[in-house]
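Heads up, the thing below is written out as structure tokens.
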2 protein chains.
Amino acid sequence: MKKNIESIGYSVFFEKGLESLQQFILNGGYSQVLVLVDRNTNDYCLPVLQATIPDITDYDIIEVDPGEENKNIDFCIGVWNTMLDFGADRKALMLNLGGGVVTDMGGFAASTFKRGIDFIQIPTTLLSQVDASVGGKTGIDLGNVKNIIGTFAQPKAVFISSAFLTTLDERQMRSGFAEVIKHGLIFDKALFEKTQSIDLKDNNLDDIIYRSVQIKNEVITQDPTEKGLRKILNFGHTIGHAIEGYSLENDSNPLLHGEAIAIGMICEAYLAHKINNLSIEGLHAVVEAFNSHFEKYNFNKEIYPILIQLMQNDKKNESNKLGFALLSEIGKCDYNIFVEEDLVLESLDFYRSL
Amino acid sequence: MKKNIESIGYSVFFEKGLESLQQFILNGGYSQVLVLVDRNTNDYCLPVLQATIPDITDYDIIEVDPGEENKNIDFCIGVWNTMLDFGADRKALMLNLGGGVVTDMGGFAASTFKRGIDFIQIPTTLLSQVDASVGGKTGIDLGNVKNIIGTFAQPKAVFISSAFLTTLDERQMRSGFAEVIKHGLIFDKALFEKTQSIDLKDNNLDDIIYRSVQIKNEVITQDPTEKGLRKILNFGHTIGHAIEGYSLENDSNPLLHGEAIAIGMICEAYLAHKINNLSIEGLHAVVEAFNSHFEKYNFNKEIYPILIQLMQNDKKNESNKLGFALLSEIGKCDYNIFVEEDLVLESLDFYRSL
């Protein structure tokens, strides 16, 4: 049995059956419980949740459409209005049951409704369990600019249950796995090596999920508001977010977050090799790690200006220079590295040439 | 010369000529300065500001429409998008130059843009100087529900200059004066008595502004997130906000905030007399204080259900009961008092009967 992880003022509970959840809610003295779901988690995860909190029968369900393209201000306004319709007061509790869209947007909606009500994150995808569950970042997209509006707001608790992962398809599992690999690359060579022998269909993932959350938590508790160290978590994300934003706007079947940042990590490993001492072997290891799990994404030079434009909105930039977190070796990452546009374009060429 | 007031991690500077502002900005090492104005402050206040920061010549102006009815999510989205267009990064500084609409919405936009950038409040109306300038509340309205979406976010500094007050008309001055009277009623009988001999046209208001900010600051530093004591600042606001929301939706020339809460304070003084030991003389003193400055607002019983509906969205409520802060005597106020709907309606009758 895993121990809980203590984060900033709250615990992350690793409990397949969500054993502590009901008592946690009852102890909170809440006036009301709201559950935010999307259509998928409403069908597949809500019954699991309901079975674990039999004594809590009076709650209101808010449903949003699934998919990153719906993590926007319009849906958020819908959530706020529904909270108003349900008469939610400041002592209401919000349970965010879903992937990153639900936990990010639900966290933002809760942290700004009446200037902030309590919320509990129950991430149901591998991606949200290893990425969105700790760190207190909430956010929504504006247009095609990712997570540009948000708050730093800590949940009251996070519950991680592997029971929900059985509802995911292969693409979703791979998408989350990209972040697990990232945690290895930036912080723990042993975890990275472990990921290379994992079969997502067969293996029990409890250990790598736990270790992944532990790494992220170690980083974010040292730097909750991303003044420094925390930026290493953005490895792959400067370019990855731009590709994700482009794909969301232009592809009928857009890339998932992890699929996009896998591409971003290959490109940024190239940058790391060029200007941050990552060895050629290190670069190859990164390329191979992602190529063995992800299909090639095809794009041409014509979209480079769009990608650069999207990168220019990245939160890590300063004074118009593109900011990156770059590996120095497998398991170590630096941050606040500003890179010329030409070299960024070269890294996109590199990816396309693979 | 007044001393600065120390609030939660920042100073309130009382400086007619904004003498410290330029150096304060230069010391911050910001990548960029954004100035949020409305049409009025763009015309009347921006030149004053510009003259005081001659060495800062490179800044971007964001203009919103003036008026409480524009403190909404649509305008806020416009502000966020303009910040993106200007390429604002996390080290940008936002100066909010205007009344409560600009400081509340600008504070919210800044505190949620890229999860929070620095902002300085420069309130230009009497109302915003005595009310919105300290306390770290930011917010916007959703539909006709006031300030329902927002954050607790502290500015880097607040600058209060009486130079801006000369640009205000009489109604705006009275609107702010209602909050000064409120600060006397809830916390300082001497201030209340002083307000009774003030002529808004003739008097220098520096002293009562300073004392008013001092009182508010004393309350909010004891209870920054409104778990208890801070609720006394909401005296008059449960009913006042409902009347303001109604008026915004229905009147061609809607009530200003202070005009609405003046009505709210009369009604809630009635409640205080009925159930919280406020003497009949106390009630009369409140009625007289506001009747001498404000015109009667006429409404009929048919709008009572709308007002009750609006009160039900008030942030102070718990478990569907209407929450109030009520005077016990002039200069003292209690909070967390929950009142039956019938008595609230009776207090509206009382106001109409005056």
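Order of the sequence lines fixes the chain letters, A, B, ..., with proteins taken first and strands second; residue numbering starts at 1 for each chain. FYI, side chains are in, hydrogens and waters are out, and symmetry mates aren't considered; it's all heavy atoms of this structure.
- To the nearest 0.5 Å, the span separating NZ on A:K114 from CD on B:E226 amounts to 11.5 Å.
- Contact count versus chain B (heavy atoms, under 4.5 Å) is highest, among A:Q32, A:M83, A:K91, for A:K91.
- Counting non-hydrogen atoms of other residues, nucleotides and ligands closer than 6.0 Å to CD of A:E69 gives a total above 12.
- Considering CG of B:L142 and CG of A:N81, their distance stands at 4.5 Å, rounded to 0.5 Å.
- Of the inter-residue distances, the one linking B:I149 atom CD1 with A:S111 atom OG reads 9.5 Å to the nearest 0.5 angstrom.
- A:Q22 CD: more than 12 foreign heavy atoms inside a 6.0 Å radius.
- Considering only heavy-atom pairs separated by less than 4.5 Å from chain B, the leading option among A:V145, A:N147, A:T138 is A:T138.
- Heavy atoms closer than 4.5 Å to chain A are found in the side chain of B:I73, but not in its backbone.
- The minimum heavy-atom distance between A:T151 and B:R115, with the atom names listed, is O-CD, 3.5 Å.
- Atoms CG and CD, from A:L84 and B:Q312 in turn, are 12.0 Å apart once rounded to the nearest 0.5 Å.
- Using a 4.5 Å heavy-atom cutoff, the side chains of A:I148 and B:W80 are not in contact.
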